[in-house]
Structures are given as structure tokens and as C-alpha cells.
Amino acid sequence: MRGDELAPTQPAVVPVTSAASARAHARAVVDAHWGDRGRPVRERDVIDLLLVVSELVTNAIRHGGGLAGFEVTPVPDGVRLRVHDHSDALPAVAHDAGELPAGHRVSGYGWPLIVRLSHEIAIEARPAGGKTIRVLVPLRLTTAGRREPASPPRPAPR
């Protein structure tokens with residue numbers, strides 16, 4: 001365990017085989033670690049976390065030869081995610097600055113979202129083959145006794 005990680009508080013290990021089950025597991029870890037202790041985190045941050053989880057797991061399934069493992073660890077600044085896949089190939093945009101694709105493409109938005117919403121992004125080779133993508137998604141506590149501000153209005157469809 002790294003020095004910045006907290007004592008494990010994850011719920012029972014559940015099989016994670018899809019983006020949906022990974023999101024559910026990540027939400028359960030957040031609820032168990034922060035919600036059960038009366039220290040709720042900002043819902044906007046949790047939504048960002050779930051989006052990052054979905055993109056990382058989907059990329060492992062689509063482009064990484066399948067999902068080989070998924071870990072969620074609460075740390076003081078948020079949640080550390082580790083997504084393991086079976087491919088040694090690095091994402092083509094692994095060292096990209098997170099620019100969104102030009103034009104009206106239907107794909108290519110996942111990695112830029114991960115880069116924009118995460119910190120401490122690292123890609124490591126796994127000894128048995130494949131790789132692990134590790135990120136930190138920051139979570140902020142809500143202010144005690146104050147409601148979170150409402151989300152800004154979405155622009156009207158054109």
C-alpha cells in the first residue's frame with residue numbers, strides 16, 4: 001500500500017466485467033468510505049469519477065484485449081483507479097494533452113475526458129503481460145450544512 005492510500009474500506013469484492021459493474025463498484029466504495037462516515041463528497045465529483053471509470057473500463061474491453069482487473073482505492077485526495085488489461089500496446093494518445101477530436105467524430109473522446117478529469121495518470125507494464133492504467137480522480141467534501149450548488153443549465157439543442 002502506498003503512503004497516500006487509506007486503510008481499505010471497500011465493500012466485498014465483486015466481479016467487474018463491464019463498465020456498468022465497474023461504475024457500481026466505484027460508487028459503492030465512495031459511499032462506504034465517505035458516505036457511511038458522514039462526510040459526503042460533491043456529487044459533481046462522483047459523476048466525474050463514474051465517467052472516468054466508464055471510459056477506462058470500456059477502453060480496456062475495446063482496445064486492450066479485455067478487462068484483466070479493476071481496483072478502486074480511497075486516498076486522502078479522492079479515489080485511485082487501476083484498470084488492468086491484456087494488451088501491451090499503449091493508447092495512441094497516451095501522452096496527448098487531452099485535446100478533443102476535431103470535427104464531429106463519434107469516437108475518440110474517452111482519453112481526453114480521462115486526462116481532463118484525472119490526475120497522476122500512469123501507464124505501467126504488467127509482469128505477466130498487458131498493462132495497468134492508474135489515475136487519481138479528485139473528490140472534494142461537501143461543505144457542512146450547505147447544499148451543493150445546482151448544476152449550470154445545459155444549452156438548448158439547436
Side-chain angles (χ1 to χ4, degrees), residues 1-37 39-141:
M1 180 163 57
R2 292 176 38 138
D4 64 345
E5 295 177 355
L6 304 175
T9 59
Q10 290 118 311
V13 174
V14 295
V16 173
T17 58
S18 67
S21 60
R23 287 190 307 268
H25 180 63
R27 173 60 113 167
V29 169
V30 168
D31 290 346
H33 185 77
W34 283 280
D36 290 352
R37 296 176 183 194
R39 302 179 318 155
V41 293
R42 294 175 59 154
E43 188 61 23
R44 286 182 186 176
D45 293 350
V46 175
I47 291 168
D48 289 348
L49 168 67
L50 299 179
L51 180 57
V52 170
V53 165
S54 189
E55 291 299 333
L56 286 171
V57 170
T58 298
N59 285 350
I61 293 168
R62 279 190 173 167
H63 309 293
L67 185 63
F70 177 72
E71 300 173 46
V72 181
T73 307
V75 296
D77 293 337
V79 172
R80 185 167 312 286
L81 302 173
R82 288 181 183 91
V83 178
H84 313 286
D85 68 27
H86 296 286
S87 173
D88 296 328
L90 293 177
V93 292
H95 302 290
D96 194 3
E99 297 298 319
L100 294 173
H104 296 288
R105 293 183 37 202
V106 295
S107 65
Y109 291 91
W111 190 257
L113 288 171
I114 292 164
V115 169
R116 289 175 180 216
L117 299 174
S118 303
H119 298 243
E120 302 177 20
I121 300 169
I123 303 171
E124 304 155 344
R126 296 175 59 223
K131 66 183 164 300
T132 296
I133 298 181
R134 178 176 45 99
V135 303
L136 170 69
V137 180
L139 296 179
R140 296 166 287 180
L141 296 176

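Quantities reported herein were computed from a predicted structural model and do not represent experimental measurements.
- The side chain to side chain contact (heavy atoms under 4.5 Å, CB included) test with W34 is passed by exactly one of V79, V29, V46: V79.
- Across every non-hydrogen atom of V137 and S118, the tightest pair is CG2-OG, 3.9 Å.
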Walk me through whether E71 and R80 qualify under side chain to side chain contact (heavy atoms under 4.5 Å, CB included). CA-CA 8 Å; E71 300 173 46; R80 185 167 312 286; over 6 Å; no
Should V83 and N59 be marked as a side chain to side chain contact (heavy atoms under 4.5 Å, CB included) after you check the CA-CA gap, both sets of side-chain angles, and the distance that decides it? CA-CA 10 Å; V83 178; N59 285 350; over 6 Å; no
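- Annotation: the span from L56 atom CG to L51 atom CG amounts to 9.5 Å, rounded to 0.5 Å.
- To the nearest 0.5 Å, atoms NZ (K131) and CD1 (I123) are separated by 7.5 Å.
- Residues satisfying the side-chain contact (heavy atoms from CB on, under 4.5 Å) test with T17, not counting sequence neighbours, are S21.
- Going from atom OG of S18 over to atom CG of L67 covers 9.0 Å, rounded to the nearest 0.5 Å.
- Nearest heavy atoms, H25 versus F70: CD2-CE2, 3.9 Å.
- The side chain to side chain contact (heavy atoms under 4.5 Å, CB included) test with L49 is passed by exactly one of V135, L117, L81, V72: L81.
- Using a 4.0 Å cut-off between charged nitrogen and carboxylate oxygen, E43 and R27 count as a salt-bridge pair.
- The two atoms that bring V53 and A26 nearest to each other are CG2-CB, 3.9 Å, heavy atoms only.
- Without hydrogens or angle criteria, D85 side chain to G66 main chain gives no donor-acceptor distance under 3.5 Å.
- If you take CD1 on I133 and CD on E55, they are separated by 11.5 Å, rounding to the nearest 0.5 Å.
- Between R42 atom CZ and I47 atom CD1 the span is 11.0 Å, to the nearest 0.5 Å.
- Summarising the geometry of H86 relative to G65, their closest heavy-atom pair is CD2-O, 3.3 Å, with the distance given to 0.1 Å.
- For the pair S87/H63, no side-chain contact is recorded, criterion being any heavy-atom separation below 4.5 Å from C-beta on.
- For the atom pair CG (D48) and CD1 (I114), the distance works out to 12.5 Å, reported to the nearest 0.5 Å.
- Side-chain contact between L139 and V30 is present, with at least one heavy-atom pair separated by less than 4.5 Å.
- Inspection of the R82 and T132 side chains reveals no N or O donor paired with an N or O acceptor under 3.5 Å.
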